[in-house]
Enquirer: 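Sharing a structure with you now.
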There are 2 protein chains.
Amino acid sequence: MSTTTELTNWQSVHDEVLRRIHTREWKPGDQIPKEVELAEELGCARATVNRALRELAAEGFLDRRRKAGTRVAAHPVRRARLDIPVIRLEIEGRGQKYTYGLLLSERRTPPPEICANLGVTANSDMLHITSLHLADGKPYMFEERWVSVAATPEIVDADLSKISANEWLVLHAPYTKGDISFSAVLASENEAKILRTQKNEPLFLIERTTWEGEKGITSARLVFAPGYRMHTAL
Amino acid sequence: MSTTTELTNWQSVHDEVLRRIHTREWKPGDQIPKEVELAEELGCARATVNRALRELAAEGFLDRRRKAGTRVAAHPVRRARLDIPVIRLEIEGRGQKYTYGLLLSERRTPPPEICANLGVTANSDMLHITSLHLADGKPYMFEERWVSVAATPEIVDADLSKISANEWLVLHAPYTKGDISFSAVLASENEAKILRTQKNEPLFLIERTTWEGEKGITSARLVFAPGYRMHTAL
DNA sequence: AAATATAATATGTACGTACATAATATCACT
DNA sequence: AGTGATATTATGTACGTACATATTATATTT
């Protein structure tokens, strides 16, 4: 009854299924027709329906299981895709001027919490780097980072006053596993001074750790200037 | 030279390409062989290669353009997939007991900033709800929400002391467009009292707004108790 | 040399067939 | 009724072919 015109591409099938979910023709928990049936109804190949349903499952709208069939997700977990760009591109993308200052670069053994994070021993050879990223000359983000020299020996030769450690690592030390967390903290006296703000301001904090296989590469603490908002569409 | 055994499924092709990127056999910015060539080299169909490369592009490792070919992403934008579950499931998923208290539910016209957010007029008929979500009896998140009655009339009949507005909306008012933002704020006196914490604690804040088509459905402000961390793998 | 039309090409997608795989349902047996 | 073997089934994937589409490269015209 529904389609006089045929839906012969996967995008339109995707949209049609999503429409039926939105209009609650198919409600959360409901089983939807099997691929062959849908293909027949819509006038396309099963592969096309499969592609559409696969995407919808990846987006969290559908739950699919072999033999059991496909049903509308009972608890639509919405997935936000967070793009995590290099800070420089984030700033330049808004049309602001990006500058960067290396504050400290020393080779030493890490404190215990970093060891725990990265899974390295206390006597590891590491690079400790702090730097400040600025947008239009105003402090934007303060970065404190530990890099394993064992995992990426080339970094000791990099000129980290020209390119930020983050950007260098992105280009030279791809990782296989990463962890990222977001939270709110109060500005310490030191952070407040560097970010040129008050002590006890609420700051947005990102902590990142990355591994290559089982080898810890780097652990970073990124503290953003007051007013920072991370946002995305969903 | 590389493959004596053939890679005839898309996962292994995916992994092999990723391996070559990781080992820097193919460096950022490099053009990689075209689909037909890769298919021939690896001993599989072009469709299989296509599937693998499509996934890798979606994951941000590759840039693909018709006619121009496929190249390793110059600035590997890492995409973190943030799953945004219903709070109840987030808490129960950690094995804690979830409880929920409705603090306020009133029908009134919204303040200007909500109008601006949702794109509704100042005299709109809206539901204003505040509630507290608790984990193991301890305050976990304080929610302040505005819901358009015009967009979802059924909500006035929902028993929001039993089911949270968020959860009700997820099940009854699917949306087509959403916006979410994360930031850090200081606890106001009121928020501090409700979350049973100090004033001026740094709190993690999530602001969400959702639309169905052009109609604004709801705008919510979620303030988490101190110590909250949102994290994910990447 | 610049602008415009045309050809070439790599990716994007649709389709039908075939087989793989995981999960369920059914049946046989105790 | 319970247990285990077996059949069934819906999704998952591979392949070859065909054509669509976006973009670049080339040829043509001004």
Side-chain angles (χ1 to χ4, degrees), chain A residues 2-18 20-21 26-74 76-77, chain B residues 2-18 20-21 26-74 76-77:
Chain A
S2 52
T3 53
T4 55
T5 56
E6 293 190 333
L7 306 181
T8 104
N9 63 50
W10 73 266
Q11 306 254 17
S12 60
V13 173
H14 173 282
D15 292 351
E16 169 62 14
V17 171
L18 196 50
R20 294 187 188 181
I21 294 174
W26 293 340
K27 302 187 190 63
D30 280 4
Q31 188 146 23
I32 77 171
K34 54 190 85 164
E35 293 185 351
V36 263
E37 293 172 2
L38 260 179
E40 199 176 352
E41 186 207 335
L42 303 175
C44 62
R46 181 168 85 91
T48 309
V49 172
N50 180 277
R51 172 80 188 269
L53 298 188
R54 181 166 18 99
E55 300 272 340
L56 284 162
E59 293 166 57
F61 293 106
L62 295 177
D63 286 333
R64 322 191 71 202
R65 273 164 63 217
R66 282 178 176 168
K67 165 83 183 178
T70 302
R71 40 185 73 236
V72 180
V77 174
Chain B
S2 50
T3 52
T4 54
T5 55
E6 294 190 335
L7 306 181
T8 112
N9 63 50
W10 72 266
Q11 306 254 15
S12 59
V13 174
H14 173 281
D15 293 350
E16 170 61 14
V17 171
L18 196 51
R20 293 186 189 182
I21 294 174
W26 293 338
K27 301 186 192 63
D30 280 4
Q31 188 146 24
I32 77 170
K34 53 189 86 163
E35 293 185 351
V36 263
E37 292 172 4
L38 261 179
E40 198 176 353
E41 186 207 334
L42 303 175
C44 64
R46 180 168 83 91
T48 308
V49 173
N50 180 278
R51 172 79 189 268
L53 298 188
R54 183 171 9 105
E55 300 273 340
L56 284 163
E59 293 167 59
F61 293 106
L62 295 177
D63 286 333
R64 321 192 70 201
R65 273 165 62 218
R66 282 178 177 171
K67 165 81 183 180
T70 301
R71 42 185 71 237
V72 180
V77 174

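By convention in this document, chain letters (A, B, ...) are assigned in the order of the sequence lines, proteins followed by strands, and residues within each chain are numbered from 1. Values below: all heavy atoms of this structure, side chains included; hydrogens, waters and symmetry mates excluded.
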Enquirer: When the side chains of residues 65-72 of chain B are checked against the rest of the protein, which donor-acceptor pairs come out under 3.5 Å, sequence neighbours left out?
Expert:
| unit_1 | atom_1 | unit_2 | atom_2 | d |
| --- | --- | --- | --- | --- |
| T70(B) | OG1 | R64(B) | NE | 3.2 |
| T70(B) | OG1 | R64(B) | NH2 | 3.4 |
| R71(B) | NH1 | G29(B) | O | 2.6 |
| R71(B) | NH2 | Q31(B) | OE1 | 3.2 |

Enquirer: Using a heavy-atom distance cut-off of less than 4.0 Å, which residues of residues 65-73 of chain B contact DNA chain C?
Expert: R65(B), R66(B), K67(B), G69(B), T70(B)
Enquirer: Check the distance between dA20(D)'s C1' and R46(B)'s CZ and give it to me in whole angstrom.
Expert: 11 Å
Enquirer: Measure the CG-CZ distance between D30(A) and R20(A) for me, rounded to the nearest 0.5 Å.
Expert: 12.5 Å
Enquirer: Starting at NZ of K34(B) and ending at P of dT23(D), how long is that distance when rounded to a whole Å?
Expert: 18 Å
Enquirer: Look up atom CG in L18(B) and atom CG in L62(B), then write down how far apart they are to the nearest 0.5 Å.
Expert: 8.5 Å
Enquirer: Students should find this one: the first and last nucleotides of DNA chain C, 5' to 3', lying under 4.0 Å from a heavy atom of chain A. What are they?
Expert: dT13(C) to dT24(C)
Enquirer: Which of residues 51-62 of chain B have a heavy atom under 4.0 Å from DNA chain D?
Expert: R51(B)
Enquirer: Going by the rule salt bridge (Lys or Arg N to Asp or Glu O under 4.0 Å), which residues pair with E40(B) if we only count those two or more places apart in sequence or in a different chain?
Expert: none
Enquirer: Can you check the D63(B) CG to dT23(D) P distance for me, whole Å?
Expert: 13 Å
Enquirer: Where is the tightest heavy-atom contact between S12(B) and L7(B), given as atom of each residue plus distance?
Expert: OG-CB, 3.5 Å
Enquirer: Pair up each side-chain donor or acceptor in residues 48-57 of chain B with any protein partner under 3.5 Å, not counting sequence neighbours, and list the distances.
Expert:
| unit_1 | atom_1 | unit_2 | atom_2 | d |
| --- | --- | --- | --- | --- |
| N50(B) | ND2 | E35(B) | OE2 | 2.9 |
| R51(B) | NE | E55(B) | OE2 | 3.2 |

Enquirer: When rounded to the nearest 0.5 angstrom, what distance separates CD in E16(B) from CD1 in I21(B)?
Expert: 10.5 Å
Enquirer: Compare every heavy atom of P28(B) with every heavy atom of A73(B), then report the nearest pair and how far apart it is.
Expert: O-CB, 3.6 Å
